[in-house]
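First comes the structure, then the notes that go with it.
Reminder, nothing fancy here: chain letters follow the sequence lines and each chain counts from 1.
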2 protein chains.
Amino acid sequence: MLMQSAVNARQFHPAVAAAAPGEREAVDMMGVVMTFKRNAEIYGENEAADYLYKVISGAVRTYKVLADGRRQIGSFYLPGDVFGLEVGSEHAFSAEAVTDTRVLVTKRSVLVSRAERDASAARQLWEVAARELRRAQEHALALIKTAEERVAGFLMDMAKRSSQPDRIDLPMSRQDIADYLGLTIETVSRTFTHLEAIAAIDLPSSRRVVLRNRAALSRLTG
Amino acid sequence: MLMQSAVNARQFHPAVAAAAPGEREAVDMMGVVMTFKRNAEIYGENEAADYLYKVISGAVRTYKVLADGRRQIGSFYLPGDVFGLEVGSEHAFSAEAVTDTRVLVTKRSVLVSRAERDASAARQLWEVAARELRRAQEHALALIKTAEERVAGFLMDMAKRSSQPDRIDLPMSRQDIADYLGLTIETVSRTFTHLEAIAAIDLPSSRRVVLRNRAALSRLTG
DNA sequence: CGTGCAGTTGAGCAAATTCAACGCTTGTGG
DNA sequence: CCACAAGCGTTGAATTTGCTCAACTGCACG
């Protein structure tokens, strides 16, 4: 299988083709596993959207940079999440690894042509797009709220996606959170501190959050 | 055709079935035309999303109301725009007519089953979803910007969708615009006035905007 | 043991909101 | 036909929220 993907290297992601054989690992016939170091670019805005990605471990952020340097993070993707599906032929956002990350990479055309034959594959593809739409809608909804509501909502969302029910290990920096929520790092930091002060959360370390009072937190959500 | 839709009333929108024959008009086999008065509800959040709507004339807003009464407008739909397509089985937003509005209503299942046979119909359906996703992403992007950037961007967007190149007839109130942009009516009003003061726009009346300096406006877009 | 990065905290400031008053248009009833 | 109420929009003043600028801490890594 590994040898076969070497033979078919041209059908995979450029970085896959370039990688030495030992750096990639075939998982099944649906794609190859790639690893990205912290902050490494996975793809760039306006690049051809020829591949779909599924996070195996680590975390990914998609983002845009405005003309004046402001950065807007579109989404964070955690293990199990699929990203890179675009409505057009090009990526609308850039994607980077937040931490060292392993992703399963599959050629989009393979999935699309399979979807044309297999209704359940088509439905899966639709599901990915659907999730993306819902995410964007909820993100827009969050951005009309106050700083405290945004941060509380972010934590609730992360908790829901976390493996442990009430503990969150944040893979991303305060700057990442700020750029996702449309706030400054200072405001995010202050809000974390404030949420700790009112006993809604605990902050054993800056990247670890324990939900101490879910009810209070969800009341702050707006 | 009109009589036939009367016979098949059960497959149409409840309001269609309830309407007297003279109040609806069949356009083609894809659906029936319905009219909604200013501020009339077209569908509600959490209702079954069994129909697709295409604006013929007028304007439509989709929105959610938060627990504390704040309203977030998801989108405005102008003639030619399709709305009501949801990723799940229920509407994520409510929809209302902004002004007296005529829409073409089609049963979703009809389009879906056609898409299963006809690839171009499938592509059209995908296109509608794609536009919706792009819209939501751009909306989120707009909401991290300053008030002036949001308003300028909104006007540029409306101008792009307007029939006349540099003149916009706004169908919606300042409150609608404010709820769409995540601002207050006062801030929207002040920003309009300010844009007029710097000669970026003219305001012959409160609902009419003339773009006087597109370059200045797009510079303010961020 | 420094150096650099990430995060926190404080003080002052700018942007947007809130509260309030007022003008204009529209529609309605006397 | 006029008077007046209601809705919409604008403007002003005070207040609040979040941002900017700046200093400082803790920690990891060379």
Separation of atom [atom1] in [X] from atom [atom2] in [N], rounded to whole Å:
X       : N       : atom1 : atom2 : value
R70(A)  : dC19(D) : CZ    : C1'   : 13 Å
E149(A) : dT17(D) : CD    : P     : 11 Å
M172(B) : dC8(D)  : CE    : C1'   : 15 Å
Q175(B) : dG9(D)  : CD    : C1'   : 11 Å
N39(B)  : dA6(D)  : CG    : C1'   : 14 Å
R207(B) : dC24(C) : CZ    : C1'   : 14 Å
L170(A) : dG7(C)  : CG    : C1'   : 13 Å
D176(B) : dG7(D)  : CG    : C1'   : 13 Å

Encode nucleotides 16-21 of chain C as B, S and - characters from 5' to 3', where the letter depends on protein heavy atoms closer than 4.0 Å: B to the base, S only to sugar-phosphate, - to neither. SBBB--

Determine the contact category for R38(B): base if any of its heavy atoms lies under 4.0 Å from a base atom, sugar-phosphate if only primed atoms, P, OP1 or OP2 are that close, otherwise nothing.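 Touches sugar-phosphate only.
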
If you look at every heavy atom in [X] and [Y], which pair is closest and at what distance?
X       : Y       : value
S57(B)  : P79(B)  : CA-CG, 4.0 Å
V55(B)  : L78(B)  : CB-O, 3.4 Å
A159(B) : L211(B) : CB-CD1, 3.5 Å

What nucleotide among dG7(C), dG9(D), dA6(C) has an atom nearest to a side-chain atom of S189(B)?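 My answer, after comparing the listed nucleotides, is dG9(D).
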
What class does the angle between the rings of Y53(B) and F83(B) fall in, given that below 30° is parallel, 30 to 60° is tilted and above 60° is perpendicular?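 The rings of Y53(B) and F83(B) lie parallel, inter-plane angle below 30°.
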
Tell me whether the rings of Y43(B) and H91(B) are parallel (<30°), tilted (30 to 60°) or perpendicular (>60°).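 Parallel.
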
Cation-pi between R161(B) and F76(B): NZ/CZ under 6.0 Å from ring centre and within 45° of the ring axis?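 Not satisfied by the 6.0 Å and 45° rule.
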
Which parts of residues 191-202 of chain A get close to DNA chain C, meaning a heavy atom less than 4.0 angstrom away?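 Result for residues 191-202 of chain A: T193(A), sorted by number.
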
Look up atom CD1 in I201(A) and atom CZ in R212(A), then write down how far apart they are to the nearest 0.5 Å.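 Reported value, rounded in 0.5 Å steps: 10.5 Å.
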
Y63(B): which of R71(B), Q72(B), E96(B) passes side-chain hydrogen bond (donor to acceptor under 3.5 Å, both in side chains):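 Single side-chain hydrogen bond (donor to acceptor under 3.5 Å, both in side chains) partner of Y63(B) among R71(B), Q72(B), E96(B): E96(B).
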
If we ignore hydrogens and angles and just use 3.5 Å, is the side chain of R70(B) paired with the main-chain N or O of K145(A) as donor and acceptor?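 No.
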
